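Here the structure is laid out as structure tokens; the discussion comes afterwards.
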Amino acid sequence: MNSYDGRSDGSLKEKLWVLIPVVLLVGLLSTLVYNHYAEFTWTGFVGGFNQEFLVFFAIGVFAQLVDGTLGMGYGATSTSFLLAYGVPPVISSTAVHVSEMFTTGASALSHHKFGNINKKLVKHLLIPGVLGSITGAYLLSDVINGDIIKPFIAVYMIVLAIIIIRKALAKTIVKKKTKKLGYLATFGGFMDSVGGGGWGPIVTSTLLGRGRNPRYTIGSVNAAEFAVSFASGITFMLFGGIHGWQVIFGLILGGVIAAPLGAYLINKIKRKPMMIAVGILIILLSLKTLSKLL
């Protein structure tokens with residue numbers, strides 16, 4: 001009898017890893033439709049599927065493939081592309097985080113399906129990451145002027161890109177015990193909200209740099225990122241409202257379609273060339289953004 005109870009309890013916990021993201025995403029989608037349906041007309045909806053939408057869709061696909069296979073880069077890649085395309089910082093950061101609520105949910109479910117998650121690591125990252133992301137999202141929505149910090153975000157993206165490239169070029173990684181996971185997650189969540197990216201490059205790269213297994217590190221950080229993105233996305237909605245629906249829909253559609261492929265490819269592609277290529281791309285995009293501001 002006891003063994004049966006243990007098995008059923010374990011089965012329930014397994015189901016919760018799938019049910020919680022699904023329920024949250026369905027609830028979020030229902031809330032968005034209920035609160036914003038008046039903003040949409042059939043003519044506007046059809047008109048929105050233009051060349052710009054295809055650009056945002058392509059950014060969503062590429063950014064999610066990068067994030068799903070490297071465990072980092074969705075925010076940095078999509079934000080760099082959006083800023084280079086001329087989208088304002090608050091709209092780009094809101095769009096990235098609202099879309100990430102869906103794409104990271106799809107990514108977490110995909111990584112769970114492929115057995116890429118270390119649940120103990122997820123639990124250590126979850127609450128500190130959420131607290132950091134809420135703080136950063138509130139400051140960007142209600143306190144910080146997005147236009148003033150735009151050049152700083154571009155410089156921050158270059159720093160993230162250098163971190164990605166540096167991790168890729170590291171020849172030998174000695175496994176070390178990771179201490180102060182809570183501080184790491186809080187900082188990663190905060191910088192992710194303010195800069196429009198950073199959770200993966202800060203958290204994933206630090207853990208990989210300490211010799212953790214890439215497959216479980218990437219899957220676990222992606223799973224925790226769902227909660228981090230959900231928290232910051234809700235905060236952006238409460239304090240800043242939602243703007244840039246075309247950007248959001250493009251990123252969501254592209255990201256959700258690419259999420260299962262990214263989780264599948266995690267052990268199929270060579271990480272180092274991909275990391276270097278992504279790092280160089282982010283640097284070029286950020287330099288383009290800076291050149292427009294100078």
Side-chain angles (χ1 to χ4, degrees), residues 52 55-68 70-104 107 132-133 136-137 139-141 144-165 187-205 222 225 228-229 232-233 235-236 240 242-252 254-255 258 275 277-293:
E52 275 204 328
V55 170
F56 302 136
F57 173 79
I59 292 171
V61 170
F62 181 70
Q64 186 56 45
L65 282 176
V66 168
D67 194 73
L70 299 183
M72 64 183 83
Y74 182 89
T77 305
S78 51
T79 301
S80 300
F81 268 112
L82 292 173
L83 289 178
Y85 194 69
V87 178
V90 174
I91 291 179
S92 67
S93 195
T94 304
V96 167
H97 285 94
V98 172
S99 65
E100 273 192 309
M101 293 161 83
F102 291 91
T103 59
T104 55
S107 185
S133 72
L139 289 175
L140 187 60
S141 297
I144 303 170
N145 185 325
D147 290 330
I148 292 173
I149 67 163
K150 193 170 183 178
F152 297 102
I153 294 174
V155 171
Y156 170 60
M157 290 299 161
I158 292 173
V159 173
L160 291 185
I162 292 169
I163 291 171
I164 292 171
I165 294 170
F187 180 65
F190 178 81
M191 293 307 295
D192 190 77
S193 286
V194 172
W199 173 257
I202 290 168
V203 180
T204 305
S205 64
N222 266 262
E225 189 176 16
V228 170
S229 299
S232 60
T235 307
F236 276 120
I242 302 179
H243 311 283
W245 282 105
Q246 194 182 36
V247 184
I248 293 170
F249 277 135
L251 293 180
I252 289 173
M275 288 174 78
V278 168
I280 292 170
L281 178 63
I282 292 171
I283 289 171
L284 292 174
L285 289 168
S286 300
L287 288 174
K288 183 183 176 185
T289 301
L290 283 172
S291 69
K292 288 181 178 179
L293 298 171

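The model shown is predicted, which means the values in this text are computed figures rather than measured ones.
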Checklist outcome for this item: d(Glu225 CD, Asp192 CG) to nearest 0.5 Å is 6.0 Å
Checklist outcome for this item: Between the CG atom in Leu251 and the OG1 atom in Thr79, the distance rounded to the nearest 0.5 Å is 9.0 Å
Next on the checklist: I want to check something: taking the side chain as every heavy atom from C-beta on, are Val203 and Phe187 in contact at a cut-off of under 4.5 Å?
Outcome noted: no
Item to check | Evaluation steps, side chain to side chain contact (heavy atoms under 4.5 Å, CB included), between Thr104 and Asn222 | outcome: CA-CA 7 Å; Thr104 55; Asn222 266 262; 5.8 Å; no
Next on the checklist: Quick check for you: to the nearest 0.5 Å, what is the distance between Met101 atom CE and Ile252 atom CD1?
Outcome noted: 9.0 Å
Next on the checklist: Whether the Ser99 and Tyr74 side chains hold a donor-acceptor pair (N or O, under 3.5 Å, no angle test) is what I'd like checked.
Outcome noted: yes
Next on the checklist: My understanding is that only one of Ile59, Val55, Val61 makes a side chain to side chain contact (heavy atoms under 4.5 Å, CB included) with Phe57; could you say which?
Outcome noted: Val61
Checklist entry - Would you find a donor on one side and an acceptor on the other, under 3.5 Å apart, between the side chain of Thr103 and the backbone of Gly255? => result no
Item to check | side chain to side chain contact (heavy atoms under 4.5 Å, CB included) between Glu100 and Val228, intermediate numbers included | outcome: CA-CA 9 Å; Glu100 273 192 309; Val228 170; over 6 Å; no
Next on the checklist: Between Val96 and Val247, does the side chain to side chain contact (heavy atoms under 4.5 Å, CB included) criterion hold? Intermediate values first, please.
Outcome noted: CA-CA 8 Å; Val96 167; Val247 184; over 6 Å; no
Checklist outcome for this item: One should read off an interatomic distance between Ser133 OG and Met191 CE, to the nearest 0.5 angstrom, of 13.5 Å
Next on the checklist: Aromatic contact between Tyr85 and Phe56, with the criterion being ring centroids under 6.0 Å apart: yes or no?
Outcome noted: yes
Next on the checklist: Once rounded to the nearest 0.5 Å, what's the spacing between atom CD1 of Ile280 and atom CD1 of Ile162?
Outcome noted: 11.5 Å
Checklist entry - Can you tell me how far the CG atom of Leu82 sits from the OG1 atom of Thr77, to the nearest 0.5 Å? => result 10.5 Å
Checklist entry - Is a donor on one side and an acceptor on the other found under 3.5 Å between the side chain of Ser232 and the backbone of Ser229? => result yes
